[in-house]
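This report concerns only the one structure given below.
It should be emphasised that the depicted structure is a prediction, and the values quoted were computed from it without experimental measurement.
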Amino acid sequence: MSHAVRTLMSAAGSTAGSTAGSTAGSTAGSAAGSVSGSGVAEAAEVAAAALTLDAAEAAGLVGYLSRPPAERRWSALATDGGVVMASVSVTEPAVGHIDLLAVHPSAQGQGRGRALVRAAEEWLKSQGARQARFAGNPPCYVWPGIDVRYTAAACLAESLGYHRYDVAWNMTADLSADLSVEDDLPRLERSGVRVHAAGDTADHPARAHVAEFVREQWNERWAWEAAHAAGLHYAERDGRVLGFAAWGARPGWFGPMGTSPDARGLGVGRVLLRRCLADQRAAGQSSAQIGWVGPLRFYSHAVGARAERVFWLYRRDLA
């Protein structure tokens, strides 16, 4: 069965045109900069119904993907009862990402997911991508890959020729745990280290100062997340940043965080983590996802976090 695929939203442009009557397998192009509230609403409605493990935040995630870094090229394509969002970053222009795929339960089993993925691949090729991935496109992504519990999505990817190349996981922090740092702050101050909350806006001087530290120590992607996070805490000594931790860069999640070599062994990371999680608790969350985790032992020891969500990352070369 052939399903019509149309461009719902796009930004940072494509040169390949398409119409509402395009079919799966045709080039799904878009006009630069066309982001509408109605497009977000349509995609959000489908996502909320289809993404049963993430229904409460699905609408917010669609909105989040529609506000990525300014230089990112992205498009949302839709068919009756389905939506796919795809993107290409300037830092890795040969790699395209399928960021979100959702088909309404009433429309599943009829080939819409397959049609949407093929249309997304055509759009990615029109942008110069030579590979497509079901994998997070940092710094603005919703999941590291396909949650293994969305088994049908993993089966679809494999049936379309995608190969699993990596595994990622999240940890869950119970925010009813002890998150106190009152005994730690005086100890850090005796070492000349002070801990602060950065300002609330991306252009706040403290945010810019921390973002520059993150950029120099790690990468531009983490710097963007630090600047745009809902909350940001940092430690400094003699005016020099030693470590940072952010939350809400990806809605509802903790991360990223990091400490410089000069701070390691002082317990700075534990304090920054706990301050961020306390913020999330104050914002009404009962638990927090620690996304795309590396150091399992650190988070387990610091706040009793447990490994919980597992993601498979898929890719395939585009002809």
Quiz item: Which class fits the ring pair W253 and F311: parallel under 30°, tilted 30 to 60°, perpendicular over 60°?
Solution: tilted

Quiz item: Does atom CZ of R149 have more than 12 heavy-atom neighbours from other groups under 6.0 Å away?
Solution: yes

Practice problem: Let me see the working for W74 and V88 under side chain to side chain contact (heavy atoms under 4.5 Å, CB included), right down to the final yes or no. | Solution: CA-CA 6 Å; W74 66 273; V88 180; over 6 Å; no

Quiz item: Is the shortest distance from a Lys or Arg side-chain nitrogen in E225 or R250 to a carboxylate oxygen in the other one below 4.0 Å?
Solution: no

Quiz item: Would you find a donor on one side and an acceptor on the other, under 3.5 Å apart, between the side chain of H104 and the backbone of V46?
Solution: no

Quiz item: Does the distance from a Lys or Arg side-chain N to an Asp or Glu carboxylate O, for E236 and R194, drop under 4.0 Å?
Solution: no

Exercise. If the plane angle is over 60° it's perpendicular, under 30° parallel, otherwise tilted; pick one for W218 and W222.
Key: tilted

Exercise. Could you list all the side chain to side chain donor-acceptor pair (under 3.5 Å) pairs where at least one residue sits in residues 292-305, not counting sequence neighbours?
Key: none

Quiz item: Sub-3.5 Å donor-acceptor pair from the side chain of D178 to the main-chain atoms of S180, do we have one?
Solution: yes

Quiz prompt | Q217 atom CD, over 12 foreign heavy atoms within 6.0 Å | solution = yes

Quiz item: Going by distance alone, is a donor N or O of one side chain under 3.5 Å from an acceptor N or O of the other, for Y64 and D99?
Solution: no

Exercise. Keeping the roles fixed (side chain from R133, backbone from R315), state whether a donor-acceptor pair exists under 3.5 Å.
Key: no

Quiz item: Would you find more than 12 non-hydrogen atoms of other residues, nucleotides or ligands less than 6.0 Å from R130 atom CZ?
Solution: no

Quiz item: Do S191 and R237 have a side chain donor and acceptor closer than 3.5 Å?
Solution: no

Self-check item: Pairwise distance CD(Q280) to OG(S287) - rounded to 0.5 angstrom
Solution: 9.0 Å

Quiz item: Among D147, L101, L100, whose side chain to side chain contact (heavy atoms under 4.5 Å, CB included) with L51 holds?
Solution: L100

